[in-house]
Protein chains: 2
Amino acid sequence: MVVHLIRKLQNYAPLSEEERSALQDLSNRRQRVLNSRDDVIAQGERPGFVNLVLEGFACRYKILPDGRRQILSFFIPGDLCDLHNEVLGVMDHSIGAISPLRIAQIGSDEIEAVMTRFPRLSRAFWWNELVGEAITREWLANLGQRTGAERVAHLLCETFVRMRAIGLVDAAGACPFPITQADLSDALGISIVHTNRMLQDLRAEGLIVLKGRALQVDDLGALMRLANFEPSYLHLRRHDGEEAGDPAEMHRETTA
Amino acid sequence: MVVHLIRKLQNYAPLSEEERSALQDLSNRRQRVLNSRDDVIAQGERPGFVNLVLEGFACRYKILPDGRRQILSFFIPGDLCDLHNEVLGVMDHSIGAISPLRIAQIGSDEIEAVMTRFPRLSRAFWWNELVGEAITREWLANLGQRTGAERVAHLLCETFVRMRAIGLVDAAGACPFPITQADLSDALGISIVHTNRMLQDLRAEGLIVLKGRALQVDDLGALMRLANFEPSYLHLRRHDGEEAGDPAEMHRETTA
DNA sequence: CGAGGAGTTGATACATCTCAAAAAATGTGG
DNA sequence: CCACATTTTTTGAGATGTATCAACTCCTCG
């Protein structure tokens, strides 16, 4: 659904009908469906396309020489991967599907054309890229400074807020969350067992319900406090965080 | 010294005399000198300039709500900070001087003009940005997957190789290294005490000599092996790493 | 209904942290 | 160039967060 991308970009600037349909076009031309754990593109390959996540979760990850895996970021619907990576030539990391995944493969030239035609869209893409970098920096702080419990809580906050921003949190305060505990631990730099225990602590305190590939946040404020989560790095419009908020509001936009 | 920037960019593409003097120009207009620990720009401020490090080390860092500090990257001579950060508006992190520092402050418009006039230089700047992001990703893997000893070794490898690439490693295999152990530990996510002990292990094994704000690497191969250091993410020309190499080679370029 | 993936549990080991203080290096003003 | 103040590095010892190993249970899905 390109609507997720549109919702996200509108955090930066409102888009015209024309701009929105240009995005719709881009995403309709060439699509690809993958299973969980399939690679969108692997370390060592040359990027041919810009990938737009339409449905499902993906991740950027890196395998160390000795086999350890670090997940570098999660992609949720509306996320754009590797807008500029062709400049480097060879991928120094991989992109893989976390869940069943549908993506649009967009040629660099097609993106280029749209960006030339719609300068505001071009700036919105830029903004989007920079927010991605800000998230990576926050992850660095997460791994470097926070305890296991904080890391887990922080990642849940981040993902939940990002999902909310694209309208994927429902009225009950729940959203799809297909990330396994093994994936979480590779993202957070802690063991699976420890991840499991930290999640149970969060459950025991009544902050979250996490089961069946879905995450429900019952007390976002408390979760944010526990994590030292300060959402400004996401550069979204709403920085409140007091309560999960009125989910109805998230549906205000046209559903493309 | 703009020569460091030039050397670095020439890892991507050779630059003409004209292009090099354009860079020289950029860096001569407006300069600024700071003491250790001064901020170049602080979290919350709006970036006004692109900063080019001419002499000394700086770092990008982030202060968590509860005061903990994470260093996100180190800047060495020739590094360009925040080529595009004006898009985000407000800095979500700070840039501070690690050592006495001299920087050039370049207006976005001046950079813009040069990039328009010299497309190859423009692509070189791009490449430079992307290498910066690749380094950040590697740091994530470093914090998430490596042990304390490996982290220390890895950061030393990275810094040493980057210094070598801009010609700042001397014939004895030594380079300036003004980073304190406290800084190292904030970058690596381990305590000062542990950092100290890991450094001593490296010394005891005869891999490095680190004292008086200088780092000498005596066995780069062994250090790289210990760290699981795989330099391809730096996207430099020489990926050997067998021995510190012939430093004379690094002086082949004109000294601007 | 069976199989493999995902989640959970308990027990033990160890890497790393914390606290506290000394030693060494560095900078500064007289 | 010395004396003092400050920062940085080093050391020791005890506390603890997290990893590891191994087993078991519970899902999910074909």
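Numbers restart at 1 for each chain; the letters A, B, ... are given by sequence-line order, proteins then strands. The figures here come from the full heavy-atom set of this structure, side chains too, leaving out hydrogens, waters and symmetry mates.
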Outermost contacting nts on DNA chain C, any atom under 4.0 Å from chain B heavy atoms, listed 5' then 3', are dT16(C) to dT26(C)

Tell me every residue that passes side-chain contact (heavy atoms from CB on, under 4.5 Å) with [X], counting only those two or more places apart in sequence or in another chain.
| X | result |
| --- | --- |
| Pro178(B) | Phe57(B), Ile98(B), Ser99(B), Arg213(B) |
| Thr147(B) | Ala149(B), Glu150(B) |
| His194(B) | Ile190(B), Ser191(B), Met198(B) |

Let me spell it out: for each of Arg213(B) and Met198(A), pick the nucleotide of DNA chain D with the closest heavy atom. Which residue's pick is nearer the 5' end? Arg213(B)

What residues form a side chain to side chain donor-acceptor pair (under 3.5 Å) with Arg197(B), not counting sequence neighbours?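 Testing Arg197(B) for side chain to side chain donor-acceptor pair (under 3.5 Å), a comparison that skips the adjacent residues, returns none.
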
Any donor-acceptor N or O pair under 3.5 Å, side chains Asn196(B), Gln200(B):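 The criterion, which ignores hydrogens and geometry beyond distance, is satisfied for Gln200(B) and Asn196(B).
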
Could you tell me whether the side chains of Glu158(B) and Tyr233(B) share a donor-acceptor contact shorter than 3.5 Å?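 There is such a pair between these side chains.
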
So do Val217(B) and Val209(B) actually touch side chain to side chain, heavy atoms under 4.5 Å? no

In whole angstrom, what separates Gln200(B)'s CD from dT11(D)'s C1'?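 My rounded result for the distance is 8 Å.
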
For the helix from dC1(C)-dG30(D) to dG30(C)-dC1(D), what is the angle between the axes at its two ends, each from 5 pairs, rounded to 10°? 60°

Between residues 53-65 of chain A and DNA chain C, which residues have a heavy-atom gap below 4.0 Å?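 None - not one residue of the stretch has a heavy atom sitting under 4.0 Å from the strand.
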
Could you list all N or O pairs between the protein and nucleotides 27-30 of chain D that sit under 3.5 Å apart?
none

For residues 202-211 of chain A, the salt bridge (Lys or Arg N to Asp or Glu O under 4.0 Å) pairs (sequence neighbours left out) are none

Pairs satisfying salt bridge (Lys or Arg N to Asp or Glu O under 4.0 Å), at least one member in residues 29-39 of chain B, at least two apart: Arg29(B)-Glu110(B), Arg30(B)-Glu110(B), Arg37(B)-Asp183(B)

Nucleotide N/O of nucleotides 13-17 of chain D paired with protein N/O under 3.5 Å:
| from | atom 1 | to | atom 2 | distance (Å) |
| --- | --- | --- | --- | --- |
| dA13(D) | N6 | Arg197(B) | NH1 | 3.4 |

Heavy atoms only, 4.0 Å cut-off, all strands: where does Arg203(B) land among base, sugar-phosphate and nothing? sugar-phosphate

Set of ring pair (Phe, Tyr, Trp, His ring centres under 6.0 Å) partners for Phe74(B), sequence neighbours left out: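 Only Trp139(B) meet the ring pair (Phe, Tyr, Trp, His ring centres under 6.0 Å) criterion with Phe74(B).
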
